[in-house]
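For reference, the structure discussed in these notes is given below.
Note that the coordinates shown come from a computational prediction; the quantities given were computed from them, not determined experimentally. Below, each value reflects all heavy atoms present in this structure, side chains not excepted, and no hydrogens, waters or symmetry copies.
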Amino acid sequence: MTAPLSPELTLLVWSVILLLAHIAAQGSLVVPLRGFKWNAGPRDEGQPPLGRHAGRAQRALDNYKETYPAFIALTLGLAVAGHGGGIGEVGAWLWFLARIAFLPLYLFGVPWLRSAAYGVSMAGLLLMFVRLL
């Protein structure tokens with residue numbers, strides 16, 4: 001019998017689902033604009049700018065990919081060091097919940113709240129970092 005995952009590692013598993021949600025949102029908005037041939041091809045040729053929502057989905061995915069490696073590293077660092085719980089767990093929850101909020105806020109073009117969600121996610125990473133020290 002294996003030990004249950006820590007809350008931080010459980011959130012890491014769920015963060016993969018969130019990554020897939022970003023990819024699905026981006027793909028579902030880009031493919032109708034550019035077509036299946038483009039999607040299956042090498043995408044070497046230049047393309048016109050994406051439309052409003054497809055562009056937002058792409059930028060939200062790019063933003064997720066910018067902070068995701070830090071979340072992975074900090075989560076694994078907390079697990080390896082045995083420093084789970086406390087403000088590290090709070091930070092992991094903040095990052096995860098803020099990243100869930102970020103995608104629809106970005107897709108619907110909600111200013112300020114989207115930036116606040118990003119700021120909360122960064123605060124979460126900072127709390128995880130502090131706990132790891």
Which pair of non-hydrogen atoms, one from [X] and one from [Y], has the smallest distance, and what is that distance?
| X | Y | value |
| --- | --- | --- |
| H83 | R131 | O-NE, 2.9 Å |
| A25 | L103 | CB-CD2, 4.4 Å |
| V120 | A98 | CG1-CB, 3.8 Å |
| A60 | R99 | O-NH2, 4.2 Å |
| W93 | P7 | NE1-CB, 4.4 Å |
| P32 | G27 | CD-O, 4.0 Å |

Can you tell me how far [atom2] of [Y] sits from [atom1] of [X], rounded to the nearest 0.5 angstrom?
| X | Y | atom1 | atom2 | answer |
| --- | --- | --- | --- | --- |
| Q58 | H22 | CD | NE2 | 11.0 Å |
| L107 | H53 | CG | NE2 | 7.0 Å |
| S121 | L97 | OG | CG | 11.0 Å |
| L78 | S6 | CG | OG | 8.0 Å |
| I100 | I17 | CD1 | CD1 | 11.0 Å |
| L76 | L12 | CG | CG | 5.5 Å |

Quiz item: If you draw a 6.0 Å radius around CZ in R52, do more than 12 non-hydrogen atoms from other residues or ligands fall strictly inside?
Solution: no

Quiz item: Is the OH atom of Y68 crowded by more than 12 outside heavy atoms at less than 6.0 Å?
Solution: yes

Taking a hydrophobic cluster as the set of Ile, Leu, Val, Met, Phe, Trp and Tyr residues connected by side-chain heavy atoms closer than 4.5 Å, whether directly or through intermediates, do [X] and [Y] fall within one such cluster?
| X | Y | answer |
| --- | --- | --- |
| F71 | L5 | yes |
| V13 | L11 | yes |
| L94 | L133 | no |
| I87 | M128 | no |

Quiz item: Under 3.5 Å, is there a donor-acceptor pair linking the side chains of N63 and R114?
Solution: no

Quiz prompt | side-chain contact (heavy atoms from CB on, under 4.5 Å) partner of L132, the single match among T75, L74, V80, L127 | solution = L74

Quiz prompt | Sole residue of Y118, W95, Y106 in ring-ring contact (aromatic ring centres under 6.0 Å, His included) with Y64 | solution = W95

Self-check item: side chain to side chain contact (heavy atoms under 4.5 Å, CB included) involving A54 - partner list, sequence neighbours excluded
Solution: L29, V30, L33, L50

Practice problem: For the pair T10 and W14, evaluate side chain to side chain contact (heavy atoms under 4.5 Å, CB included) and give the outcome as yes or no after the intermediate values. | Solution: CA-CA 6 Å; T10 300; W14 282 104; 3.8 Å; yes

